[in-house]
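Report on one structure; see the data block that follows.
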Amino acid sequence: MRYQRPKGTADILPGESERWAYVENVARRVFAKYRFDEIRTPMFESFDVFSRTSGETSDVVTKEMYDFMDKGDRHLSLRPEGTAGVVRAFVENKLYGPDVPKPVKVYYMGPMFRYERPQSGRMREFHQIGVEAFGSNEPAIDVETIAMGMDLLTQLGIENVRLAVNTLGDQETRETFRQALIDYLEPHFDELSEDSKLRLHKNPLRVLDSKDETDQKIVADAPSILDYLTDEAKAHFDQVKALLDALDIDYVVDATMVRGLDYYNHTIFEFMVNNKALGHGYTTICAGGRYNGLVEELGGPDMAGVGFALGVERLLLLMAASNVEFPAAHHLEAYVVGIGEGTDAATLKVVSKLRSQDVVADRDYLNRKPKAQFKTADKFNARYTLTIGQTELENKTINVKDMASGNEVTVPVESVEKDFNAVLETL
RNA sequence: GCGGUAUUGGUGAAGUUUGGUUAACACACCGGAUUGUGGUUCCGGCACGCGUGGGUUCGAGUCCCACAUACCGCCCCA
């Protein structure tokens with residue numbers, strides 16, 4: 001127990017890693033249907049990329065960043081989320097240019113880092129699968145993104161998903177609503193929780209999201225952002241809802257839903273599930289929204305964007321808790337047993353020849369006794385056990401046994417090496 | 001960052017209340033009964049050690065302190 005992994009990190013071991021690969025493969029398949037292509041960006045970026053985009057006062061930036069100075073005195077940070085890096089790459093590589101068809105649709109999957117207190121489904125190194133679509137301000141792309149998220153969750157076997165949507169409106173909406181909210185909350189200042197007192201002026205929208213009971217009572221009568229939307233913002237949101245209806249996608253409008261990152265505006269959405277594996281009540285497993293202005297913030301043109309991200313650790317917890325069936329990994333078809341001196345080369349060759357016929361084959365590598373080898377074949381659930389001993393070696397034959405039926409046949413070793421399936425038909 | 005609970009072999013763990021010789025039991029693994037055939041059974045083996053470091057004591061897995069890690073709640077969030 002000399003060394004242990006850093007706090008909040010995890011080793012994904014064989015068995016578990018197969019589940020990860022499955023989830024990633026399903027995601028790739030779903031995204032491909034919608035013509036999203038993969039983008040891979042660095043795991044660390046200039047600190048400013050995140051601080052500029054997430055908001056200087058956001059919790060992610062003020063206390064959760066894994067930032068450091070490198071040997072060249074550059075202020076870097078491990079990425080706490082995926083969007084900022086993708087936007088930076090989008091701008092730096094001029095994907096906004098006229099020769100790249102719009103919208104530009106990309107997805108990513110990989111580790112993210114946040115310095116916080118680990119808990120189940122909350123790691124310091126965690127993994128997200130996310131998508132971004134740039135260059136369209138049409139509500140249709142918001143809805144396509146939402147539909148794709150729903151499609152993905154469905155493909156993964158997640159049931160009873162609740163889609164919550166809201167809008168943060170545009171700049172003007174946010175300013176007028178923010179003031180209205182402050183005007184409403186200030187008379188209740190003394191009743192608010194300590195956290196919310198701090199949030200009132202820093203980020204009043206967050207008070208709406210408070211879990212404190214007293215806060216919630218106060219917030220219940222607070223003004224709704226939906227009443228402060230500009231005509232343009234309202235039109236956008238109305239069209240999003242209309243298109244969701246057109247696709248028969250169920251949703252609830254949650255006017256109190258907000259975002260921890262500052263770059264969001266207009267449509268925001270969350271996919272939530274009520275599963276005790278993730279805590280009490282509804283928990284978000286996938287969240288996203290529109291972020292017009294972010295491309296410009298990082299030095300690009302005024303270009304719209306919308307995307308979502310889902311947490312893989314949480315997703316896997318949820319899938320395990322919902323008894324989602326994962327496809328079985330590789331089955332062992334043939335286990336080759338060697339008995340006695342001189343069979344090493346012969347068994348290795350058979351294994352090799354079987355593999356070249358695309359048969360999943362294995363043998364013993366611990367020089368163990370026949371009994372142990374047969375036990376191993378059984379434990380690995382081998383469909384067939386092939387045996388080479390002194391007799392077979394002399395006669396250039398091999399014994400093939402069907403483990404389920406117990407049927408055996410001895411055939412020339414060459415026939416197995418040439419066409420294993422033909423031999424199986426004689427069993 | 002704050003509060004709480006926990007940490008004993010490869011695994012699940014008993015033992016901590018009442019500090020006292022060999023750390024229970026089970027699973028897994030390895031070997032044997034059966035030196036070329038598995039899933040059953042029986043027999044045997046398997047922690048110089050109780051998260052790490054200090055302390056109290058004649059004596060600490062059991063008490064005290066610090067630290068580390070995990071889990072739960074808060075904050076926040078995927």
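Here is the naming used below: chain letters follow the sequence lines, and residue numbers restart at 1 for every chain. These numbers come from a predicted model, not from an experiment.
- Between A:F271 and A:F269, the ring-plane angle classifies as perpendicular under the 30° and 60° cut-offs.
- Residues A:R40 and A:E38 are paired through a salt bridge, judged by an N-O separation under 4.0 Å between the basic side chain and the carboxylate.
- Comparing B:U8 with B:A13, their P atoms sit 9 Å apart, to the nearest whole Å.
- Proximity note for A:E116 (side chain, C-beta onward) versus B:U34, B:A78, B:U37: the nearest is B:A78.
- Here the separation of B:C50 from B:U7, taken at their P atoms, is 14 Å to the nearest Å.
- Atom NZ of A:K379 and atom P of B:G10 are 17 Å apart (whole Å).
- Remark: A:R290 fails to qualify as a cation-pi partner of A:Y264 under the 6.0 Å distance and 45° angle criteria applied to the six-membered ring.
- Using P as the reference atom, B:A23 and B:G31 are 26 Å apart when rounded to the nearest Å.
- One C1' atom belongs to B:A26, the other to B:C46, and the distance between them is 14 Å to the nearest Å.
- Comparing B:G4, B:A70, B:C75 against the side chain of A:P118 picks out B:A70 as the nearest.
- Nearest to the side-chain atoms of A:F126 among the listed nucleotides B:G4, B:A78, B:G38 stands B:A78.
- One finds no salt bridge joining A:K105 and A:D37 here, because no Lys/Arg side-chain nitrogen approaches an Asp/Glu carboxylate oxygen to under 4.0 Å.
- B:U21 and B:G61 have their C1' atoms separated by 15 Å, given to the nearest Å.
- Under the Watson-Crick or G-U wobble criterion, with both distances below 3.5 Å, B:G45 is paired with B:C29.
- Salt-bridge formation is not detected for the pair A:R124/A:E116: no Lys NZ or Arg NE/NH1/NH2 atom is positioned less than 4.0 Å from an Asp or Glu carboxylate oxygen.
- Base orientation of B:G44: anti (glycosidic angle beyond 90° from 0).
- With B:G73, B:U37, B:A78 as the candidates, the nucleotide lying closest to the side chain of A:N399 is B:U37.
- Distance, A:F50 CZ to B:C77 P: 17 Å, rounded to whole Å.
- In this structure, A:R117 atom CZ and B:C72 atom C1' are separated by 10 Å, rounded to whole Å.
- Across all strands, A:E313 comes closer than 4.0 Å to no nucleic acid atom at all (heavy-atom distances).
- Using a 4.0 Å heavy-atom criterion, one finds that A:G8 contacts the sugar-phosphate atoms exclusively.
- Each of A:T376 and A:T385 lies near RNA chain B, and the nucleotide nearest A:T376 is the one positioned closer to the 5' end.
- The side chain of A:E392 has B:G36 as its nearest neighbour among B:G36, B:A70, B:A68.
- Checking B:A78, B:G1, B:C29 against the side-chain heavy atoms of A:Y115 singles out B:G1 as nearest.
- Residue A:R368 places at least one side-chain N or O closer than 4.0 Å to OP1 or OP2 of B:C30.
- Per the geometry, CG belonging to A:D362 stands 16 Å off C1' belonging to B:G38, to the nearest Å.
- Between A:Y107 atom OH and B:A78 atom P the separation is 22 Å, expressed in whole Å.
- Using C1' as the reference atom, B:C48 and B:G1 are 42 Å apart when rounded to the nearest Å.
- Using a 4.0 Å heavy-atom criterion, one finds that A:M123 contacts the bases of the nucleic acid, with or without backbone contacts as well.
- Rounded to an integer number of Å, the gap from A:N407 CG to B:G38 P is 16 Å.
- With hydrogens and angles ignored, a donor-acceptor pair under 3.5 angstrom links the side chain of A:R314 to the base of B:C77.
- Taking atom CG of A:L310 as the reference point, atom P of B:C77 lies 17 Å away to the nearest angstrom.
- The side chain of A:K375 places no N or O atom within less than 4.0 Å of a non-bridging phosphate oxygen (OP1 or OP2) of B:C29.
- Look at B:G9: its glycosidic torsion is within 90° of 0, and that puts it in the syn range.
- When the side-chain nitrogen and oxygen atoms of A:Q119 are compared with OP1 and OP2 of B:A70, none of them lie within a distance under 4.0 Å.
- A:T391 comes within 4.0 angstrom of a base, heavy atoms only.
- When distances are taken from the side chain of A:K371 to each of B:U69, B:C77, B:G39, the shortest belongs to B:G39.
- In the model, A:E425 has no side-chain atom that pairs as donor or acceptor with a side-chain atom of A:N421 under 3.5 Å.
- Checking B:U18 for Watson-Crick or G-U wobble geometry (two distances, each under 3.5 Å) identifies no partner in any strand.
- For a distance-only test at 3.5 Å, the side chain of A:E270 fails to qualify as a donor-acceptor partner of the base of B:A78.
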> Given the rule in the side chain to side chain contact (heavy atoms under 4.5 Å, CB included) test, do A:N137 and A:N292 qualify, once you have shown the distances and angles that lead to the verdict?
Replying inline: CA-CA 8 Å; A:N137 201 21; A:N292 298 349; 2.9 Å; yes

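- For B:A70, the paired base is B:U5 (Watson-Crick or G-U wobble, both distances below 3.5 Å).
- Among the atoms of the strands shown, none is found under 4.0 Å from any heavy atom of A:G340.
- Among the protein residues, A:R122 comes within range of the nucleic acid bases, having at least one heavy atom under 4.0 Å from a base atom.
- The side chain of A:D378 lies closest to B:G38, out of B:G73, B:G38, B:A78.
- Distance check on atom P: B:U62 versus B:G55 gives 14 Å, rounded to whole Å.
- Between A:K401 and the phosphate of B:U37, there is no side-chain N or O to OP1/OP2 separation shorter than 4.0 Å.
- In this structure, the ring of A:F36 has its center no less than 6.0 angstrom from the ring center of A:Y107.
- Taking a cutoff of 4.0 Å between a charged side-chain nitrogen and a carboxylate oxygen, A:D344 and A:R363 qualify as a salt bridge.
- Atom CZ in A:F374 sits about 15 Å away from atom P in B:G32, given to the nearest Å.
- Distances shown here put a side-chain N or O of A:K369 below 4.0 Å from the OP1 or OP2 atom of B:G32.
- Among the heavy atoms of the strands, none lies under 4.0 Å from A:E81.
- Taking atom P on both B:C63 and B:U17, the two are 6 Å apart, rounded to the nearest angstrom.
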